[in-house]
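One structure is given below, encoded as C-alpha cells.
We name chains A, B, ... by the order of the sequence lines, and we start the count at 1 in each one.
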Amino acid sequence: MYVKAEPATDLNKNTEWFTYPGVWTTYLLIVFMSWLLVLSIFGCSAGMAWTIVHLCHFAVTYHFFHWKKGTPFADDQGIYNGLTWWEQIENGKQLTRNRKFLTVVPVVLHLMIGELWYLIGSHTTNYQNPMLFFITLAVFVLVVAKFPHMHKVRIFGINADH
Amino acid sequence: MIKIPYFSALSTYFSFGLLFVFGHVRDFFRKIFDFFHSSNLQVLLFFCFNKISFASGSCRFWHNSALNASVLCVNDPDCFGRPISSAPDVWFDIVHRYSNDNNKTMRRTSKVTRCLNLGSYNYLGFAAADEYCTPRVIETLNRFSPSTCSPRVDGGTTTLHKELEESVANFVGKPAAIVFGMGYATNAATLPVLIGKGGLIISDSLNHSSIINGARGSGATIRVFQHNTPSHLEEVLRQHIAEGQPRTHRPWKKIVVLVEGIYSMEGELCKLPEIVAVCKKYKAYVYLDEAHSIGAVGQTGKGVCELLGVDTADVDVMMGTFTKSFGSCGGYIAGSKELIQYLKYTSPAHLYATSISPPAAQQIISSIKVILGEDGSGRGAEKLARIRENSNFFRSELQKMGFEVIGDYDSPVISIMLYNPAKIPAFSRECLKQNVAVVMSAFPAVPLLLSRARICISACHTKEDLLKALEVISQVGDLIGIKYSLAGSNKQHQEQGPKKLD
C-alpha cells in the first residue's frame with residue numbers, strides 16, 4: 001500500500017517531518033508497544049501498565065513538546081529559539097488536524113485507564129484514588145498546554161527566554 | 001509525486017525515533033559523567049559516536065534551550081567525506097580509511113582504490129584534464145598566478161575577468177553578467193542586496209540552503225510555496241498581495257520569486273513557463289538559480305530556459321555556478337545592464353571578497369568555448385548529446401529494474417529512494433566494495449522520510465561504465481531491498497525480474 005509524500009511548505013526542519021503520512025500510526029504504535037513492554041517487564045496488571053505508560057507519556061511529551069525550545073539545527077539562525085516544539089509546528093497555525101490529534105491522545109489514554117480501573121475497582125481498593133489523581137493532573141496539564149490561548153504564554157516566567 | 005510504501009514510512013519513523021532515543025540516553029549519561037568529572041558545567045561541544053551499527057547519515061542535534069549546548073552527533077564517518085586522491089573524473093582514486101575506535105575517528109592510509117564516480121557534478125566531463133582547456137589554464141596560471149589577492153574593486157579585476165563576464169553574459173543570453181569567486185556566496189551575498197525589509201520573497205520549498213541563507217539575510221518577509229506547484233504560487237501571491245506588509249498592510253516594495261532550474265536533490269526540472277506566466281501576471285520578479293542546469297540541459301547547453309522554451313528576457317535575474325558543468329569554481333549573476341551595474345556598486349561579494357582565481361576563470365572561458373563549438377571541434381555538441389543519452393538510458397534502466405527513481409526526463413541528476421536510515425550506509429558501503437562510489441543524502445538535507453542515493457551522470461561515462469554501475473546497483477538493491485516498484489506494481493514486472501543487459 002502506497003502513500004503520497006508531498007513536500008511540506010514548512011521550512012522548519014524540526015517540525016516538517018510531522019506533516020508526512022504515517023506519523024500518527026507510528027505514534028500510536030509506539031505507545032502501544034511501550035504498554036506491551038511495561039507489561040512484560042513488570043508483570044503488573046493491565047490497568048497499572050497503562051498508568052505507567054500514561055505517566056511516562058506525560059513526562060516525555062511534556063518535555064519535548066512544551067519544555068524544550070528552539071531547534072537542533074544551527075542553520076536556522078536561531079529564529080525559533082523562543083518557541084517550543086508545539087508552538088513551532090505548522091508555523092504556529094492553531095487548531096490544525098495534527099494539533100487536535102495530539103490533544104486527543106492523552107485524553108483517550110486517560111479514559112482507557114479510567115475504564116480499566118473502574119472495571120477492576122471493586123476488587124482492589126488500596127491504590128486507585130491516588131493514581132487516578134496523578135493521571136488526571138497529567139492529562140489536565142497536557143491538554144491545557146495545548147490550548148490555542150496558551151500560545152507563547154509563559155506562566156510565572158517559567159521557561160521564558162533570558 | 002513520491003509514493004512511499006506505508007510500511008517503509010512507519011519503519012523509517014521508528015528507526016529515526018530509536019536513533020533519537022539512543023542519542024538522548026547517551027547524551028544524558030554523558031552529562032552525568034561529565035558533571036562528576038569536571039569542575040564546571042561546560043560540556044564538550046562536539047562528540048561523534050557510532051556504536052549504533054545502523055546509524056543514519058549526517059543527523060546532528062543541538063539543544064539550545066538551556067545554557068549548555070550539548071551536541072548529539074550521530075555520524076557515519078566512513079560514508080561521508082571520503083578523501084579522494086585524483087581529479088574527480090569518471091574513474092577516480094578513493095583513499096582507504098580505517099578506524100580503531102568504532103568509527104569515532106578515521107585515519108587515512110596510503111592505499112587507494114580506483115572507483116567509478118557517480119557522485120561528482122561532472123556533467124560535461126570538464127572535471128579532469130581536457131585537451132582544450134587544460135593547456136590554456138596552465139598558461140594562465142603561469143601568466144597571472146593562482147590568486148588575484150584582491151577584491152574586484154581594489155586590484156582583482158584582470159582582463160580575464162572582463163572577458164569572463166562578457167562570455168558568460170553571451171552564453172546565458174542576457175545583456176550583462178557579474179562573476180563571483182564562490183557559488184554559495186553568490187546567492188548569500190546577492191539576495192540581501194536585491195531585496196530588503198518591506199519586500200516579499202516567495203521561495204520554492206526545496207530551495208538550496210544558499211538561497212534560504214541569502215533570503216533570511218535580506219530581512220524581507222519570506223513565504224514558501226509548494227515545490228514546483230505554480231497554482232500554489234499563485235495562491236500565495238494573491239493572498240500576500242491582498243494583505244500587504246505584515247502589520248502596516250502597506251503594499252509590498254518588491255516581490256521576488258526564487259526558483260531553481262534543476263533541484264539538486266530531486267533532479268526535477270522547474271515548471272518555468274507556468275511560473276514565469278504567474279509572475280508576469282502579478283508583477284513579481286523571477287530569480288532563477290541554474291546551478292545544476294546551466295551547461296547540462298538544453299539543446300546547446302544554455303540551461304532550462306532553452307530546454308523549456310522560456311525567453312531569457314522574462315527571467316529577471318539568472319544565477320548560476322561554474323562548479324558543475326564548467327569544471328571550475330565560482331558563480332555568476334546575469335541580468336540587465338542596470339542590475340549588474342547596481343550589483344557592482346553594492347554586492348559585498350564584489351566589493352570585499354577576493355575575485356575569482358585567474359586559472360579558474362580561464363577554465364570557464366575555455367569550457368564555454370568548447371560547449372559553444374568555438375574551439376573549432378564538435379566536442380561540445382557531442383558532450384551535450386552524450387549526457388542526455390546517458391541520463392535517459394540510466395534512468396530508464398533503473399526504473400525497469402524496479403527502483404524508485406525520481407527526477408525528470410533529460411535531467412542528469414538521478415535519485416534512488418532508500419527511505420530507511422539503515423539502508424543509507426548499507427548502500428554506500430556495499431557499492432564501495434564493488435568499486436562504485438555514490439553519494440547519499442539523509443535528513444536534514446532531505447525530508448525525514450525521503451533519504452536517497454543521488455547519482456550524477458557525466459558526459460564522460462561510457463556505456464560500459466553505466467552498465468557496470470547498473471549491475472552493481474542492481475545487486476546491492478536486491479541485497480538491501482530497495483526495489484520498491486517491483487514489489488508493489490503489476491505481477492508482470494515480478495515475473496520478468498531484473499532484465500539481463502547486453
Side-chain angles (χ1 to χ4, degrees), chain A residues 1-34 37 56 60 63-85 87-88 90-91 154 158-162, chain B residues 1-14 16-18 20-21 23-24 59-67 69 71-72 203-207 209 212-213 215-217 222-229 232 236 263 266 417 419 443-450 484-485 488-489:
Chain A
M1 180 221 323
Y2 286 86
V3 281
K4 287 206 176 124
E6 269 189 36
T9 54
D10 193 358
L11 268 187
N12 185 354
K13 291 190 193 126
N14 194 20
T15 59
E16 56 106 29
W17 56 271
F18 207 71
T19 57
Y20 286 101
V23 201
W24 292 7
T25 316
T26 313
Y27 182 43
L28 292 173
L29 274 178
I30 291 178
V31 170
F32 180 68
M33 295 296 182
S34 49
L37 206 65
C56 290
V60 166
H63 179 74
F64 284 111
F65 290 179
H66 303 283
W67 188 263
K68 273 247 174 281
K69 295 193 293 186
T71 61
F73 304 102
D75 55 314
D76 272 342
Q77 295 163 357
I79 49 183
Y80 302 112
N81 267 356
L83 297 175
T84 61
W85 189 85
E87 287 156 4
Q88 286 172 33
E90 283 154 344
N91 280 324
R154 307 271 180 261
I158 302 174
N159 205 18
D161 302 328
H162 27 76
Chain B
M1 195 50 60
I2 303 174
K3 291 195 313 192
I4 316 178
Y6 196 54
F7 182 68
S8 292
L10 293 183
S11 58
T12 311
Y13 279 124
F14 191 69
F16 273 107
L18 199 62
F20 190 67
V21 163
H24 269 271
C59 198
R60 280 183 235 103
F61 284 88
W62 282 266
H63 304 290
N64 47 10
S65 64
L67 286 170
V71 174
L72 170 78
S203 133
D204 188 290
S205 67
L206 293 180
N207 270 340
S209 76
I212 299 182
N213 202 338
R216 284 196 180 142
I222 306 178
R223 291 289 175 263
V224 169
F225 71 95
Q226 250 171 36
H227 175 60
N228 239 356
T229 315
H232 192 242
V236 170
Y263 290 91
E266 282 71 31
M417 302 306 294
Y419 308 125
F443 184 75
V446 290
L448 187 82
L449 287 179
L450 308 174
Y484 298 107
S485 303
S489 31

Q. Hey, which of A:Phe65, A:Tyr80, A:Phe64 is the one that makes ring-ring contact (aromatic ring centres under 6.0 Å, His included) with A:Trp85?
A.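 Between A:Trp85 and the candidates, ring-ring contact (aromatic ring centres under 6.0 Å, His included) is satisfied uniquely by A:Phe65.
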Q. With a 4.5 angstrom heavy-atom cut-off, which part of B:Leu206 approaches chain A: side chain, backbone, both or neither?
A.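 Side chain only.
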**Q.** Side chain, backbone, both or neither of B:Leu10 within contact of chain A (heavy atoms, under 4.5 Å)
**A.**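 It is both, since atoms from each part get that close.
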Q.
If we count only N and O atoms by modelled type, under 3.5 Å, do the side chains of B:Tyr263 and B:Asn228 hold a donor and an acceptor together?
A.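 No - no donor-acceptor pair under 3.5 Å links their side chains.
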Q: Output yes when a side-chain donor or acceptor of B:Tyr484 lies under 3.5 Å from a complementary backbone atom of B:Lys3, and no otherwise.
A: no
Q. Hey, which of B:Tyr6, B:Phe14, B:Phe7 has the most heavy atom pairs under 4.5 Å with chain A?
A.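 Looking at each of B:Tyr6, B:Phe14, B:Phe7 in turn, B:Tyr6 comes out on top.
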Q. Roughly how far, to the nearest 0.5 Å, is OG of B:Ser8 from OH of A:Tyr2?
A. 8.5 Å
(Q) Report which part of A:Val23 has an atom under 4.5 Å of a heavy atom belonging to chain B: side chain, backbone, both, or neither. (A) both
